[in-house]
Structures are given as C-alpha cells and as structure tokens.
Amino acid sequence: MKMSRISGLYRLSASDRLKIVAENSGLSGDEVEAMKTGGITLDQADKMVENVLGLFAVPLGVATNFVIDGREVLIPMATEEPSVIAAASNGARMAIAGGGFVTSTTQPVMRALIQVTGVEDPYGARQAILARAEEIAGRANERDPMLVSHGGGVVGLEAEVVASKRGPMVVVHLLVDCRDAMGANAVNTMAEALAPFIEEITGGRVYLRIISNLADLRIARARAVFLAEEIGGPEVVDAIVMASALAEVDPYRAATHNKGIMNGVTAVTMATGNDTRAIEAGAHSYAARGGAYRSLSVYEKNRDGDLVGSIELPAAVGTVGGATRVHPGARANLKVMGIICADDLGRVLASVGLAQNFAALRALATEGIQRGHMSLHARNVAVQAGAIGDEIESVASKMAAERRINVDRAKELLRDGR
Ligand code: MEV
C-alpha cells in the first residue's frame, strides 16, 4: 500500500502520524526509530565529521498529496521553517485534479573542471587535449571501475580557452555519468588523477581539479496543471502568471521566488542525507546561467484558462555513497518515498520545488503569507508561555484573532483559561 493522500494527518499526534507512515511504507522497527530519533548516534556522528560535540536536531515532517508521474508519494522533509510542509502538501493537493506532477530528467552527468595555466599557445593546447579525448577518458575510467561496471563513467570531454586577469587559461571539463552517486568523489578523484597527464599533453601547469556544482547536464524537470476552479478562480491564475512574469525578469524578485522553491528542495535534500549546499549552488548558478539571475520556474495560462507551472533545476543528488548510505534516517526517508535510484529523487525534488513555489505564489496572490505564518508563530509563542495539549491551539487562535501574539498575552490567556 503506497498512498500519499492521507487527510487530517495534521490533527494526529507525531507518534500516530509516524505509525501511519510506517505502515504505508513498510518500515521496520529500526527504521521507525531512526525517523523518530534523528537517525544517528553520537558514535556515528563522530565518524561523519570532525570535533563532534553532539547532534543538532531539525524537525522532520511529511508532505502529503503528491502524485508524481501517476505514483502517490509521501515526502519526508527536514526543515526548521514553519508552514513549508503544509504549503507543499497544499500545493500538491491542488495539482491532483490536473493529473499531478509530470517529470522528466537528463542522464546523471556531472562535470569535473581542470584548470590549465601557463601555456604559450592555449588554443593549440586545447586542440592537443581534445585530440587525446579517448585516452583521457580511458585513464579517468580506470580510476572508478565500479562506476563503469554500473554503466557510468566518462561520456565526454570539453575544453575552452577563457580570458582571465592572469591571462588565458584552458579549462577542461570532464563529463562523467555518475549513475546513482552524487558524484563529487568520483569526479574529483578522476580530475586529480588526470592532472599530470594533462600537464604532459599541454606543457602547462594544472591548478584546480574539482567538480562544478553548476550541474547543467543533470537536470530534473516537473510540470503541473492547476485547474482554475481548484485554486480560487481565474483571478488567481492571472495573479500567479503576473508574479511569475516579474520573477522571470527581476533578480530581486527571482531571488525570493527561488528561495521559496528551495524551501522544499533543500528540505528533501536534507532528509535524504544529500549535500544541501551542492543543490543550492547548482540551483542558483543555473538560475543565472543566461547572464542574469532568473526564476527556476515559469507559470502560464493554457487554452482552458488553467495555470500551467513548470520548473527545471540541477539535481546533483545520490542514493548511494556518503551520508545517504550511512545515515539510517536518510535511508528510511528514501524508503518512505519508494525511491530506488538518484533519478527518482531528482524527479521528487523538482515536483516538491514546484508545489512549494506554487503554494507560495498562490498565498501571495490571495491573502498573503502572514496569516498562515502568524498562526504557526502563535502556536510557538503559546508553547513558550507554557501551554500544553489543547491549550496550545486555543491560546494560539485567540492571539491570532486579536493580532496580539506575544508571550505575556499568551500567559494571560492561559491564566484565564485554567
Ligand atoms: C518564504 O520562506 C518564501 C516566500 O517568500 C517565497 C516567495 O515569496 O515566493 C513566501
């Protein structure tokens, strides 16, 4: 049984929610425990990074209502920001009537960059490198026979001469199909191993040899049709198209528009033990690839007057290697989503990014985002003031109605109610 449309989940206790998600996803007792406790012990943490002191917890929630390529998917999200998970679930719910999210991806190709300096004849050096492309690829593949045995490995070589304030340089890009790995380890190892050979070919000096996080060859796309009647009518469609038009041309708006997208994308990246900084760097550099910073998504009105949203972003994530493999919480979260390969995860990221973005634009186009934010904020303030159980909701809703949300007022309301 895999279903994502679980209504009223928000009304249950955290442990009842987890029970439902565990049954839905066939989680073992250990996996449930990993989700509940954060997944790693102090000992495990001590092996992951340096100078470990403890663990730093972030809430893990689940977004509901996602239908991605016809499949219902429950989506674990790790985030400290209120409203994000509710908004993603709402956005996904409003996409259902139009058929849910339809995705596509490229092959999982990453770039490693090798910087060659100090050559008298950079254009000649460029050609010398390209002429030995097969030999270079062979040498790189020798560094990762495992990747090659899984169908990955070098798929291309590019070389360009770039002007810099320190004179011309040749920049070599090794294009590597990383299969289900994020790929940083694989491509960095290859690039480092190739450096002496590239120096031999060119007579130059290699400095940098490192992955590019502008993963423009590893793209995930998602599209969804939001029926006008589902989202509040033709005015809402027009308002969202208008908001999108601004984000397509104005970097100040595009930054916030894309931040909203990354609210969802980063939360899922985090929940699966992937490198959130790589995903952020990829998204923002991709948004600026045309020379100006633009939105990663676009909204249009179709012939029927419905809203069509589409998004495209780099998806440098893996399901093998690194923390994705060793972090029991990350493995449990992948299982909840029914994800078996990195390509699946890229499709989820694009869909979540679009749902999150749509929900934010819809809120901005209608009542604004503050009401939703404020009611969550009010609940936090009620808890700070000592509210427990049903008191939290009752104190929070009174403060929200009065538009007086502070700890002193919460304490007064608590005293009155007890
Ligand atoms: C807040 O975290 C995200 C939004 O600002 C995104 C947006 O403005 O589109 C609501």
Side-chain angles (χ1 to χ4, degrees), residues 10 58-63 65-66 75-95 101 221-224 226 230-232 235-271 276-277 279-288 292-301 307-313 349-381 400 405:
Y10 68 96
V58 171
L60 174 75
V62 68
N65 301 325
F66 275 84
I75 303 188
M77 299 174 76
T79 180
E80 90 302 340
E81 184 170 334
S83 300
V84 163
I85 297 168
S89 306
N90 271 333
R93 183 172 49 75
M94 291 189 196
F101 298 89
R221 308 179 198 94
R223 186 168 57 81
F226 300 93
E230 285 286 319
I231 67 172
E235 307 78 41
V236 178
V237 173
D238 288 338
I240 293 177
V241 171
M242 200 63 97
S244 169
L246 180 62
E248 286 159 42
V249 294
D250 176 9
Y252 288 96
R253 174 54 203 155
T256 315
H257 180 105
N258 290 344
K259 190 275 183 186
I261 291 172
M262 301 313 287
N263 276 345
V265 173
T266 304
V268 179
T269 304
M270 178 79 106
T276 53
R277 287 80 56 218
I279 280 292
E280 296 274 351
H284 297 296
S285 54
Y286 193 67
Y293 187 86
R294 304 256 183 265
S295 55
L296 292 163
S297 64
V298 169
Y299 292 83
E300 302 156 301
K301 181 157 72 169
L307 183 72
V308 183
S310 37
I311 190 169
E312 181 171 299
L313 78 171
L349 292 183
S351 304
V352 172
L354 186 59
Q356 199 77 58
N357 179 226
F358 161 76
L361 296 185
R362 182 171 177 275
L364 292 170
T366 54
E367 61 176 14
I369 59 164
Q370 281 314 87
R371 204 170 69 90
H373 269 306
M374 279 305 147
S375 60
L376 272 163
H377 174 58
R379 284 167 63 179
N380 286 335
V381 170
I405 304 172

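Bear in mind the structure is a predicted one, so any value in this text is a computation, not a measurement. Counting starts at 1 for both ligands and their atoms, following the listed order. Note that these values count all heavy atoms, side chains included, but never hydrogens, waters or copies made by symmetry.
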Legend entry - Contact check: H257 vs ligand 1, nitrogen or oxygen atoms, below 3.5 angstrom: no
Legend entry - Within-shell test, R253 vs ligand 1, heavy atom, strictly < 4.0 Å: yes
Inset, instruction - Give the contacting part of L364 toward ligand 1: side chain, backbone, both or neither, where contact means a heavy-atom distance below 4.0 Å. - result: side chain
Inset, instruction - May I ask you to identify, for V84, whether its side chain, its backbone, both or neither come under 4.0 Å of ligand 1 on a heavy-atom basis? - result: neither
Legend entry - Option of least heavy-atom distance to atom 4 (C) of ligand 1 (set: T256, L361, T79, I261): T256
Inset, instruction - Scan I279, V352, L354, N357 and name whichever one has a side chain to side chain contact (heavy atoms under 4.5 Å, CB included) with V265. - result: I279
Inset, instruction - Before accepting this row, confirm whether a basic side-chain N of the pair R221/E312 lies closer than 4.0 Å to the acidic partner's carboxylate O. - result: yes
Legend entry - Minimum heavy-atom distance Y299-F358, with the two atoms named: OH-N, 3.3 Å
Inset, instruction - Would you check if F226 and V236 make a side-chain contact, meaning some heavy-atom pair closer than 4.5 Å? - result: no
Legend entry - Element-labelled atoms of ligand 1 that are located less than 4.0 Å from some non-hydrogen atom of K259: 1 (C), 2 (O)
Legend entry - Proximal atoms of ligand 1 relative to E81 (non-hydrogen, under 4.0 Å): 1 (C), 2 (O)
Inset, instruction - Verify the neighbour count for atom CZ of R379: are there more than 12 heavy atoms of other residues, nucleotides or ligands below 6.0 Å? - result: no
Legend entry - Shortest non-hydrogen contact between M77 and N263, atoms and distance: CE-O, 4.4 Å
